[in-house]
Amino acid sequence: MTLTLEMITLDTTDPGPLAAWWAEQVGGSIVAENDGWFYVVEIPGAGYRLAFQKVDDPTPGKNRLHLDLAAADLDTEVERLVGAGAEQVDTHVMGDFRWVVLADPQGNQFCVAGGH
């Protein structure tokens, strides 16, 4: 028996705006709102979904799980994400591999690397 990735869920005090922001960034759409407490974003061709669950008190500090995303043109994509409301946190280089750490509008960190 094996497990299949179905969904990646982020806790938030305000799931609607965060779900909408991520849907726009990944070219997806909100497919469920569940009375405002659990939003689901479908990503075409991804094989998994993103979800945003309303909680009273999200875990403080740096998130322990984060998304690693890839872009064909890293600099252009980082510029687009910052323009859409993300905050650039850090940049890393390891040999010829480069990635940028960003935070979404609610502070959840994620990484974007150049496509390979």
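Residue numbers start at 1 and run along the sequence shown. Here the structure is a predicted model, which means the values were calculated and not measured.
- Taking every heavy atom of both residues into account, P15 and G36 meet most closely at CG-O, 3.4 Å.
- Residues forming a side-chain hydrogen bond (donor to acceptor under 3.5 Å, both in side chains) with Q88 (at least two apart in sequence, or on another chain): T91.
- Every salt bridge (Lys or Arg N to Asp or Glu O under 4.0 Å) that D75 has, sequence neighbours left out, goes to R98.
- For W99, the ring-ring contact (aromatic ring centres under 6.0 Å, His included) test picks out H92, F97, with sequence neighbours left out.
- With values rounded to the nearest 0.5 angstrom, F110 atom CZ is found 5.0 Å from L81 atom CG.
- E77 places no side-chain N or O within 3.5 Å of a backbone atom of D73 that could act as its donor or acceptor partner.
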**Report entry** Test side chain to side chain contact (heavy atoms under 4.5 Å, CB included) applied to Q106 and D14, step by step
**Finding:** CA-CA 9 Å; Q106 292 187 14; D14 195 8; 3.9 Å; yes
Requested in this report: Carefully, step by step, assess T9 and Q53 under the rule side-chain hydrogen bond (donor to acceptor under 3.5 Å, both in side chains).
Outcome: CA-CA 7 Å; T9 303; Q53 176 175 283; 5.9 Å; no
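- Put simply, CG on L50 and CD1 on I43 are 4.0 Å apart, with the number rounded to the nearest 0.5 Å.
- Distance CG/L102 to SG/C111: 8.0 Å, rounded to 0.5 Å.
- Looking only at side-chain heavy atoms (C-beta outward), D90 and V100 stay at 4.5 Å or farther from each other.
- Grouping Ile, Leu, Val, Met, Phe, Trp and Tyr by side-chain contacts under 4.5 Å, direct or through others, puts F38 with M7, V31, W37, V40.
- Under the side-chain hydrogen bond (donor to acceptor under 3.5 Å, both in side chains) criterion, D68 pairs with H66, not counting sequence neighbours.
- Note that OH of Y39 and CD1 of I30 are 7.0 Å apart. Values are rounded to the nearest 0.5 Å.
- With contacts defined as side-chain heavy-atom distances shorter than 4.5 Å, the pair L74/V112 qualifies.
- Summarising the geometry of P105 relative to L18, their closest heavy-atom pair is CD-CD1, 4.5 Å, with the distance given to 0.1 Å.
- We find the CG-OG1 distance between D57 and T13 to be 9.5 Å, quoted to the nearest 0.5 Å.
- Scanning all heavy atoms of the two residues, the minimum distance from P44 to G28 falls at CD-CA, 3.9 Å.
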Requested in this report: Show your working on side chain to side chain contact (heavy atoms under 4.5 Å, CB included) between V82 and E87 and close with a plain yes or no.
Outcome: CA-CA 6 Å; V82 169; E87 176 185 342; over 6 Å; no
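- Evaluation of the side-chain hydrogen bond (donor to acceptor under 3.5 Å, both in side chains) rule for D104 yields W22, N108 as partners, not counting sequence neighbours.
- Clustering ILVMFWY residues whenever any of their side-chain heavy atoms sit less than 4.5 angstrom apart, transitively, puts V89 in a cluster other than the one holding V93.
- Rounded to the nearest 0.5 Å, atoms CD1 (I8) and OH (Y48) are 5.5 Å apart.
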